[in-house]
*Asks:* 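Before anything else, here's the structure in question.
Remember, it's a predicted structure, so these values are computed and weren't measured experimentally. Residue numbers begin at 1 in each chain, while the letters A, B, ... track the order of the sequences.
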Protein chains: 2
Amino acid sequence: MNPMDSLQTLEPGVDPSCCVPSGTPALSTEEAQRKALVFKALADPNRLRLLSIVRAAETGESCVCDLTEPLDLGQPTVSHHLKILVEAGLLHREKRGTWAYYSIIPGALEDVAAIIFGL
Amino acid sequence: MNPMDSLQTLEPGVDPSCCVPSGTPALSTEEAQRKALVFKALADPNRLRLLSIVRAAETGESCVCDLTEPLDLGQPTVSHHLKILVEAGLLHREKRGTWAYYSIIPGALEDVAAIIFGL
DNA sequence: CTCTTGTATCGATCGCCATCAATCTACACG
DNA sequence: CGTGTAGATTGATGGCGATCGATACAAGAG
């Protein structure tokens with residue numbers, strides 16, 4: 001479960017799906033599983049709202065305390081959702097002092113769109 | 001649970017999210033839930049493979065019997081996955097004779113990408 | 001060092017979902 | 001009509017995930 005490993009390694013040059021022969025479908029089992037991870041992260045309403053809030057923030061980043069209230073969720077739950085978004089390669093976590101600031105990784109949303117069109 | 005109702009009504013002109021005031025986050029609860037439905041449909045490896053196979057088909061459509069084998073799943077399970085994809089507004093189902101043919105709804109993938117960039 | 005505050009982790013619970021076996025429906029063919 | 005086949009539906013089951021309360025960890029304030 002290596003963080004920062006989902007979107008980054010999605011389309012390496014050695015991707016065997018570029019010219020799939022036959023027998024196996026266009027998408028291999030492992031590829032499908034890896035790509036599904038990103039959509040799993042997006043498949044929760046509260047996580048979509050988290051991304052929306054973080055993205056709409058003026059500074060481009062938000063700390064957990066700013067995210068707990070508008071979602072009407074407990075702090076552990078919000079922290080859990082943020083972790084999932086980080087592991088999916090969508091959010092970046094930076095701890096400054098007591099607070100943890102989350103921001104959208106540049107290009108992450110474009111990468112997700114690329115997955116969709118690359119099906 | 002009205003089929004054909006997920007992606008089609010995603011961006012009507014009256015979408016209240018275009019100029020959200022404040023207080024509530026950028027994404028309302030209902031909006032987030034509706035948009036999450038599409039990603040839920042994409043959040044399963046086997047469903048991603050289904051989309052991939054249907055999309056790669058020469059005729060642009062496939063029947064269930066062509067999809068059961070490459071996925072190594074039972075026929076009821078494949079039928080279930082296809083239903084979810086249809087209800088998400090991603091696949092179109094057309095029954096001709098004994099067979100049911102599934103094809104990707106034109107513009108559906110573009111609509112999903114629009115959701116991502118419109119967060 | 002102690003206290004407080006922000007955040008992460010743990011453990012448990014509950015509901016949803018993926019899957020299968022069995023059954024049902026619809027259609028084609030004699 | 002009966003038979004066979006493609007597909008959908010149902011019911012049951014096992015596992016994963018969303019949520020919470022409690023707790024642990026980290027860092028600044030005093």
*Asks:* Please state how far atom CG in B:L67 lies from atom P in D:dA8, giving the value in whole angstrom units.
*Replies:* 10 Å
*Asks:* A:H80 or A:W99: which one's nearest nucleotide on DNA chain C is closer to the 5' end?
*Replies:* A:W99
*Asks:* Would you mind telling me which of C:dA18, D:dT19, C:dA8 lies closest to the side-chain atoms of A:P76?
*Replies:* C:dA8
*Asks:* Would you say a side-chain N or O of B:Y101 is under 4.0 Å from OP1 or OP2 of D:dA6?
*Replies:* no
*Asks:* Nearest whole angstrom, please: distance from the P of C:dG6 to the CZ of A:R96.
*Replies:* 16 Å
*Asks:* How many Å lie between CG on B:L42 and P on C:dA18, as a whole number?
*Replies:* 12 Å
*Asks:* Heavy atoms only: give me the nearest B:P70-B:I53 pair and the separation to one decimal.
*Replies:* CG-CD1, 3.9 Å
*Asks:* So B:L82, base contact, sugar-phosphate only, or nothing? Heavy-atom distance under 4.0 Å.
*Replies:* nothing
*Asks:* Looking at A:S79, I'd like to know whether one of its side-chain N or O atoms comes within less than 4.0 Å of OP1 or OP2 on C:dA8.
*Replies:* yes
*Asks:* Do B:F39 and B:I116 come close enough that some side-chain heavy atom pair is under 4.5 Å?
*Replies:* yes
*Asks:* Going by number, which of residues 59-66 of chain A have a non-hydrogen atom under 4.0 Å from DNA chain D?
*Replies:* none
*Asks:* Are OP1 or OP2 of D:dA6 and a side-chain N or O of B:Y102 less than 4.0 angstrom apart?
*Replies:* no
*Asks:* Are there more than 12 heavy atoms of other residues, nucleotides or ligands under 6.0 Å from atom CD of B:E94?
*Replies:* yes
*Asks:* Does B:R93 place a side-chain N or O at less than 4.0 Å from the phosphate oxygens OP1/OP2 of D:dA8?
*Replies:* yes
*Asks:* Does any donor-acceptor pair link the side chain of B:Q75 with the base of D:dA6 at a separation under 3.5 Å?
*Replies:* no
*Asks:* Do the side-chain N or O atoms of B:K83 get closer than 4.0 angstrom to the phosphate oxygens (OP1, OP2) of D:dT9?
*Replies:* yes
*Asks:* I want to check one thing: is the phosphate of D:dG28, taken as OP1 and OP2, less than 4.0 Å away from some side-chain N or O of A:T98?
*Replies:* no
*Asks:* Nearest whole Å is fine: how far is C:dT5 P from A:K95 NZ?
*Replies:* 16 Å
*Asks:* In the structure I gave you, are the side-chain heavy atoms of B:L71 and B:R49 within less than 4.5 Å of one another anywhere?
*Replies:* yes
*Asks:* Are A:S103 and A:R93 close enough, and set up right, to give a side-chain hydrogen bond (donor to acceptor under 3.5 Å, both in side chains), and what steps lead you there?
*Replies:* CA-CA 7 Å; A:S103 57; A:R93 176 182 183 272; over 6 Å; no
*Asks:* Respond yes when some side-chain nitrogen or oxygen of A:R47 is under 4.0 Å from OP1 or OP2 of D:dA18, and no when none is.
*Replies:* yes
*Asks:* Looking at A:S52 and B:L27, what are the two nearest heavy atoms and their distance?
*Replies:* OG-N, 3.6 Å
